[in-house]
Each structure stands twice: as structure tokens, then as C-alpha cells.
Amino acid sequence: MDFALTGEQEALRDTAAKYLADDRATDDGQAWPEVTDLGWLDVELGTVEVALLAERMGWARSPSPWWATVGLAGPALRAAGRPVAAPATLAWAWTNGPGTLAEAVATARRRPGVDPAGTDARSSTNTPGVGCTVAADGTLVGRAIRVPHALDAVDLVVVATGPSGVELRLVDASAVRPTSAGAGGQALDPSRTVSTVELTGVPSTLLVAADAAADVLALTRRRTLALLAAEAVGVAARALAWASGYAATRTQFGAPIGANQAVAHPLAECYGQVETARSLAYRAAWAVDAEPGQVADRAVLTAGVAAREAAMTACEVAIQTYGGSGFTWEQPLHHWYRRAWWLATFDGTVADTRAELAGLLLDD
């Protein structure tokens with residue numbers, strides 16, 4: 001493992017920073033073509049490269065569905081040999097089925113007739129039960145919940161139960177009507193809404209058959225968690241930069257407030273937490289491609305815990321540094337704080353991630 005970015009990776013990161021600096025990457029209809037032109041969907045980009053882009057997206061709090069396209073839908077589309085070009089997302093959580101990506105992976109491994117250990121289990125009733133089923137004509141029936149960017153998607157990748165087990169199927173998003181689960185000021189992060197999607201006899205195309213779905217879903221989860229860990233680092237770094245700048249320029253009694261230990265020490269501790277999270281996020285992104293399996297699983301879970309907590313802490317420290325003005329709606333920090341909360345609760349809480357990580361470590 002190299003402990004430094006290559007020149008190409010640094011150039012990619014710097015280009016992303018310049019593009020996102022002037023707020024052009026907003027949901028205005030022009031952002032997606034520009035992202036495509038910049039090459040951020042190219043198949044040649046590894047997880048480290050897309051993690052660097054995700055970090056800058058977090059810094060800018062971009063509302064783009066890029067992360068869902070690359071992280072959630074991209075692995076299935078590419079496994080099927082399809083180009084990743086239009087906004088896309090993944091529906092994996094169901095009202096009567098798996099609620100998290102980890103549960104979706106475990107369910108996909110329990111194929112009819114075969115238990116997870118690979119022994120014959122045809123007499124068992126423990127067969128896959130995903131809350132979306134595939135009819136004989138390929139249409140889908142089910143209700144997906146908590147689907148990110150469903151309102152922005154052109155393509156919808158659906159985790160569904162077929163005759164041989166869990167499959168990944170492609171649906172034209174224009175054929176469904178997502179319902180926002182919290183919108184506007186009621187959403188945890190208004191720029192990143194989640195939706196409920198009703199599938200009632202919707203036509204679909206097979207992307208990944210049951211014999212490969214579990215592996216593709218496992219890669220999807222690792223890549224998504226690595227991306228969101230990097231994004232959380234970007235959120236944390238932005239909040240810390242604001243707080244440090246304010247502490248250096250805001251004066252009281254003739255001196256910057258940063259000269260006070262009560263202000264300086266939390267910022268210093270936060271800096272260490274953010275840099276640790278950044279190192280772990282880069283390590284996780286590298287492991288997804290270089291060391292797939294349990295090594296990558298441990299890496300992405302560790303990075304997820306560290307980065308999510310760093311983002312929450314940095315935003316809270318920044319708000320406290322700004323004092324009374326930090327609690328007003330005019331202060332943009334609260335937008336990043338809401339993104340940090342969204343990241344901290346994506347597909348389970350930080351406590352859930354810690355418990356899963358502990359299980360992996362103790363099993364070893």
C-alpha cells in the first residue's frame with residue numbers, strides 16, 4: 001500500500017475542489033452533464049479515486065445523486081456490462097424484508113436449496129424472503145423504503161426474489177412513482193431525501209442472477225460505505241475550517257478567541273479526530289479494491305465509525321465556537337450538521353456499525 005496519493009489522484013482531487021468551489025454543482029439540470037464530462041463516472045476510476053471525489057462532495061454538501069449512482073447502483077450495472085451514465089440508485093430495504101444492506105447481503109447468500117455453508121437444505125423452510133418478488137413475466141411487486149435519490153434517478157436497481165433466489169433487476173424509474181419520506185424542512189437533510197417506492201407489476205430486466213447477486217451486493221455495500229466515510233470526512237473538514245477561521249479572526253478583549261484554551265483545545269482535538277478519520281477512509285477505499293472480503297469489511301466499518309463521529313463532532317464544535325450566531329438559521333453550519341446526521345444514520349446507526357465491527361473482530 002502506498003501512503004501517498006499519486007499525481008493523477010491529486011489532480012483529480014484538485015479539479016473537484018475547483019469545480020465545487022463556486023457552487024456550480026447544484027441540482028440545476030446542468031450539474032449532471034458536467035459531472036459526466038469531468039469523467040467522474042468513468043469505469044477506470046478505482047474506489048480511492050471516487051472516495052477523493054466524495055470527500056470534496058462532502059466539503060461542498062453537494063445534493064448530486066452521483067454517490068448513489070457510483071456507490072449503490074454502479075456495481076450491479078457494471079457487473080451486467082451496462083454503462084453508468086444516468087443518475088441511478090438502489091432499492092434494497094423493504095417493508096417485509098431486509099432493512100439494511102448487510103441484511104440484503106445475508107439474504108442473498110441464503111439461496112433456495114443451499115444454506116450459507118453450502119450444504120443441501122431443500123427440506124428447510126429458510127429460503128430467501130425479500131419483500132419484492134419477480135413474476136413469471138419479469139414484472140416486480142413490492143414496496144421499497146428509504147431509497148436515496150429515487151426522485152432524481154433515471155435507472156432503479158432493485159433487489160428482488162426470483163425463482164432461484166435474490167436477483168438484481170433494472171427498472172425504468174419513470175415507471176414508478178416515489179413518495180418522499182420527509183421533504184423540505186422536515187427531512188433530516190433536505191438536499192438528500194429518501195423515498196418510498198411502490199412496485200406494482202413494473203417491468204424489469206435481469207442485471208445480476210442469483211448465483212452472483214450476493215457478491216455484487218457485498219461489493220456495493222463496501223463501496224458505498226467507503227464513499228460515505230470519505231464524504232463524512234469532507235463534512236468534518238469543512239466545519240473545522242470554518243471554526244478555525246472564525247477563532248483566528250473573531251476578537252474579544254483585544255485578542256482572538258482562539259487564544260482561549262476553552263476554544264483552542266476542542267478545535268485541536270477535533271483536528272486530530274478528522275485527520276484520523278481521513279487516514280482510515282483512504283485505507284478503506286484502498287482495501288475495497290485491493291483486499292476484498294473481511295479485510296475490506298473491517299476497514300470500511302472502522303472508517304465509517306471514525307468518519308461519522310468526526311463529522312458530528314466537528315459540526316458541534318464549530319457551532320459552539322461561533323457562539324450564539326452558530327445557532328441561527330443564517331449560519332450555514334446547520335446545513336452541514338444535518339448532512340452529518342444523515343450520514344450518521346445511513347443504513348443503521350454508528351452503534352450498529354460498532355456492533356458489527358466488534359462481531360467481525362471477535363469472530364477472528
Side-chain angles (χ1 to χ4, degrees), residues 32 65 68-114 125-183 187 192-218 220-221 224 347:
W32 190 261
T69 304
V70 172
L72 289 173
L77 292 170
R78 286 180 173 143
R82 289 177 174 266
V84 180
T89 190
L90 175 73
W92 74 90
W94 304 93
T95 54
N96 57 337
T100 66
L101 278 168
E103 291 171 352
V105 174
T107 302
R109 296 200 187 283
R110 295 195 299 270
R111 296 179 58 202
V114 179
T125 59
N126 187 24
T127 56
V130 177
C132 178
T133 57
V134 185
D137 59 357
T139 57
L140 303 181
V141 176
R143 174 186 289 177
I145 57 175
R146 300 192 304 275
V147 183
H149 290 292
L151 296 173
D152 306 309
V154 172
D155 294 322
L156 180 63
V157 179
V158 178
V159 180
T161 298
S164 300
V166 174
E167 304 173 348
L168 300 179
R169 304 190 71 90
L170 180 65
V171 169
D172 183 348
S174 64
V176 300
R177 292 185 177 180
T179 303
S180 294
R192 183 167 283 176
T193 58
V194 295
S195 303
T196 298
V197 177
E198 296 281 355
L199 300 169
T200 54
V202 178
S204 69
T205 303
L206 179 65
L207 286 177
V208 180
D211 59 348
D215 290 337
V216 173
L217 278 173
T220 298
R221 183 171 187 252
T224 299
D347 204 39

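One-based numbering along the sequence shown.
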Does T107 form a side-chain contact (heavy atoms from CB on, under 4.5 Å) with R110? I'd like the steps, not just the answer. CA-CA 5 Å; T107 302; R110 295 195 299 270; 3.5 Å; yes
Checking side chain to side chain contact (heavy atoms under 4.5 Å, CB included) between L156 and each of V147, L170, L90, which is the one that passes? V147
Minimum-distance pair of heavy atoms, taken over all atoms of W94 and V159: CZ2-O, 3.1 Å
Run the side-chain hydrogen bond (donor to acceptor under 3.5 Å, both in side chains) test against S204 and tell me which residues pass, sequence neighbours left out. R169
How long is the span from the CD1 atom in I145 to the OG1 atom in T95, to the nearest 0.5 Å? 6.5 Å
Heavy-atom closest pair (A68 atom, H149 atom, distance to 0.1 Å) is CB-CD2, 4.0 Å
Above 12 or not: heavy atoms from other molecules or residues under 6.0 Å from CZ of R143? no
Value rounded to 0.5 Å, distance of OG1 in T193 from CG in D152: 6.5 Å
Indicate the atoms forming the closest heavy-atom contact of G99 with R146, along with that distance. O-NH2, 2.6 Å
For a quick test of reading the model, state the closest non-hydrogen atom pair linking L206 to V208 and the distance between them. CD1-O, 3.5 Å
What are the two closest heavy atoms between V141 and G201, and how far apart are they? CG2-N, 3.8 Å
Atom CZ of R177 and atom OG1 of T196: how far apart are they, to the nearest 0.5 Å? 15.5 Å
Polar contact flag, side-chain donor to acceptor under 3.5 angstrom, D347-W92: yes
T139 side-chain N/O to A135 backbone N/O, donor-acceptor pair under 3.5 Å: no
On a heavy-atom basis, the closest approach of T89 and A153 is CG2-CB, 3.9 Å
Going by the rule side-chain contact (heavy atoms from CB on, under 4.5 Å), which residues pair with V105 if we only count those two or more places apart in sequence or in a different chain? R109, L217, A218
Let me see the working for L151 and S195 under side-chain contact (heavy atoms from CB on, under 4.5 Å), right down to the final yes or no. CA-CA 7 Å; L151 296 173; S195 303; 3.8 Å; yes
T69 side chain to A88 main-chain N or O, any donor-acceptor pair under 3.5 Å? yes
